[in-house]
2 protein chains.
Amino acid sequence: MGKTKKNSTNNINKEKIMAQCTETYAMNMIGTRWKLAVFYHLKKGPLRFSNLKELIGEVSDRMLTLHLREMEEDGLVIRTVYPEVPVRVEYHLTESAMELQPVWDFLRAWGRRHRNLMTGVEPTPLDLNIAYKGPIAS
Amino acid sequence: MGKTKKNSTNNINKEKIMAQCTETYAMNMIGTRWKLAVFYHLKKGPLRFSNLKELIGEVSDRMLTLHLREMEEDGLVIRTVYPEVPVRVEYHLTESAMELQPVWDFLRAWGRRHRNLMTGVEPTPLDLNIAYKGPIAS
DNA sequence: TCCCATACTTACATTATTGTTAGTTCCTCA
DNA sequence: TGAGGAACTAACAATAATGTAAGTATGGGA
């Protein structure tokens with residue numbers, strides 16, 4: 001996230017896997033701590049930095065910035081600066097990012113079901129129609 | 001993965017998000033370095049430790065063990081020990097893990113498309129039928 | 001002139017994840 | 001007696017990710 005050491009075994013492994021395995025490439029793009037939260041809030045429409053931060057709740061400025069920067073580099077969000085005073089900066093998802101919707105839907109449905117299985121609660125059927133009724137809490 | 005410090009801010013944030021957000025819960029289960037590789041090879045059938053290691057290629061014993069242990073705890077793989085000499089240990093995916101197949105398919109298709117977009121190569125349509133033709137390399 | 005808000009940076013501290021190397025255990029067979 | 005293979009485990013080292021606290025730039029308005 002911050003700096004990476006290009007020639008570390010760690011990084012070499014990562015690159016090697018990503019080059020061979022498209023799933024991993026995709027996972028690495030969407031899998032870190034605050035990214036799903038960013039997707040979740042931005043998919044409803046553009047938001048400025050401060051709003052996003054407020055909505056997510058527990059992120060620090062730094063963390064949010066880092067994640068947004070990476071998502072921007074990765075072609076997942078677009079950053080627009082309005083030169084007002086004080087500055088206004090808005091973020092919105094790219095079309096490509098929007099296409100991830102089915103993944104979120106599915107992960108949500110599967111996750112709920114699997115959690116139920118694990119905790120011994122009666123399992124929910126793996127039904128996508130249920131998935132989007134509520135807010136982020138499930 | 002190794003030991004976690006239960007009461008670190010880091011861990012508290014993680015738990016808090018997972019409790020609220022089913023997508024994140026699911027992501028954390030399948031998102032670390034070698035897990036997709038494990039899924040990929042195990043979905044075709046059970047494998048013993050050494051085979052799995054060989055197939056993946058660059059993992060160390062320790063890393064593979066750690067990931068498998070976590071996946072076992074998470075209800076994603078099942079470990080069977082055959083008390084022969086030398087020991088034979090086989091791993092296979094649980095039913096719940098098998099149900100992740102659509103996620104892998106989609107991530108693969110999306111990833112390929114997105115990578116093309118990013119590198120300026122002519123984009124592939126987001127077509128799942130293409131997704132499973134070949135081996136892991138795409 | 002100084003304060004305000006927004007959207008950051010910087011420097012540093014802590015945790016988590018990944019990697020390396022060298023054992024260990026178990027029984028069998030030479 | 002001792003080597004051998006499978007599947008680990010322990011101890012340690014390095015890198016990456018996350019978190020905290022304080023500061024910066026900007027121009028407008030009191």
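Remember, predicted model here, so these are calculated numbers, not experimental data. Computation of the quantities below employed the complete heavy-atom set of this structure, encompassing side-chain atoms and omitting hydrogens, waters and symmetry-equivalent molecules.
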Out of [options], which nucleotide sits closest to the side chain of [X]?
X	options	answer
A:Asn11	D:dG19, C:dT6, D:dA16	D:dA16
A:Lys5	D:dA16, C:dT15, C:dG19	D:dA16
A:Asn10	D:dA6, C:dT18, D:dG19	C:dT18
A:Val85	C:dG19, D:dT15, D:dG27	D:dG27

ask   = What's the shortest heavy-atom distance between A:Leu93 and A:Phe39, and which atoms?
value =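 Closest heavy-atom pair between A:Leu93 and A:Phe39: CD2-CD2, 3.8 Å.
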
request  = Heavy atoms only: give me the nearest A:Tyr91-A:Leu42 pair and the separation to one decimal.
outcome  =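 So the two residues come closest at O-CD2, 3.5 Å.
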
ask   = With a non-hydrogen cut-off below 4.0 angstrom, is B:Lys6 in contact with a base, only sugar-phosphate, or nothing?
value =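 Here B:Lys6 touches no strand at all.
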
inquiry  = Once you apply a heavy-atom cut-off of 4.0 Å, does B:Ser60 come out as touching a base, just sugar-phosphate, or nothing?
reply    =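 B:Ser60: base contact, heavy atoms under 4.0 Å.
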
Counting only N and O atoms by type, is there a donor-acceptor contact under 3.5 Å from the side chain of [X] to the main-chain atoms of [Y]?
X	Y	answer
A:Arg33	B:Asn10	yes
A:Trp34	A:Leu68	no
B:Thr94	B:Gly75	yes
B:Trp104	B:Leu36	no
B:His92	B:Thr80	no
B:Asn11	B:Lys6	yes

Let me know the distance between [atom1] of [X] and [atom2] of [N], rounded to the nearest Å.
X	N	atom1	atom2	answer
B:Glu58	C:dT20	CD	C1'	16 Å
A:Ile12	D:dA14	CD1	P	16 Å
A:Arg33	D:dT18	CZ	C1'	7 Å
B:Glu54	D:dA7	CD	P	11 Å
B:Asn7	C:dT14	CG	P	14 Å

Indicate whether OP1 or OP2 belonging to [N] is found under 4.0 Å from a side-chain N or O atom of [X].
X	N	result
A:Asn13	C:dG19	yes
A:Arg48	C:dA7	yes
B:Lys3	C:dT18	no
B:His67	C:dT18	yes
A:Arg88	C:dA7	no
B:Thr9	D:dT18	no

What pairs of nitrogen or oxygen atoms, one from the protein and one from nucleotides 8-10 of chain C, lie under 3.5 Å apart?
residue : atom : partner : partner atom : Å
C:dC8   : OP1  : A:Arg69 : NH2          : 3.2
C:dC8   : OP1  : A:Arg79 : NE           : 3.3
C:dC8   : OP1  : A:Arg79 : NH2          : 2.5
C:dC8   : OP2  : A:Tyr91 : OH           : 2.6
C:dC8   : N4   : A:Asp61 : OD2          : 2.7
C:dT9   : OP1  : A:Arg69 : NH2          : 3.2

inquiry  = By nearest heavy atom, map A:Trp34 and B:Asn51 onto DNA chain D; which one lands nearer the 5' end?
reply    =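 Between the two, 5'-proximity favours B:Asn51.
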
message = Need to verify one output field. Residue with the more 5' nearest nucleotide on DNA chain C, A:Ser50 or B:Val59?
response =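 On the 5' side of the pair lies A:Ser50.
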
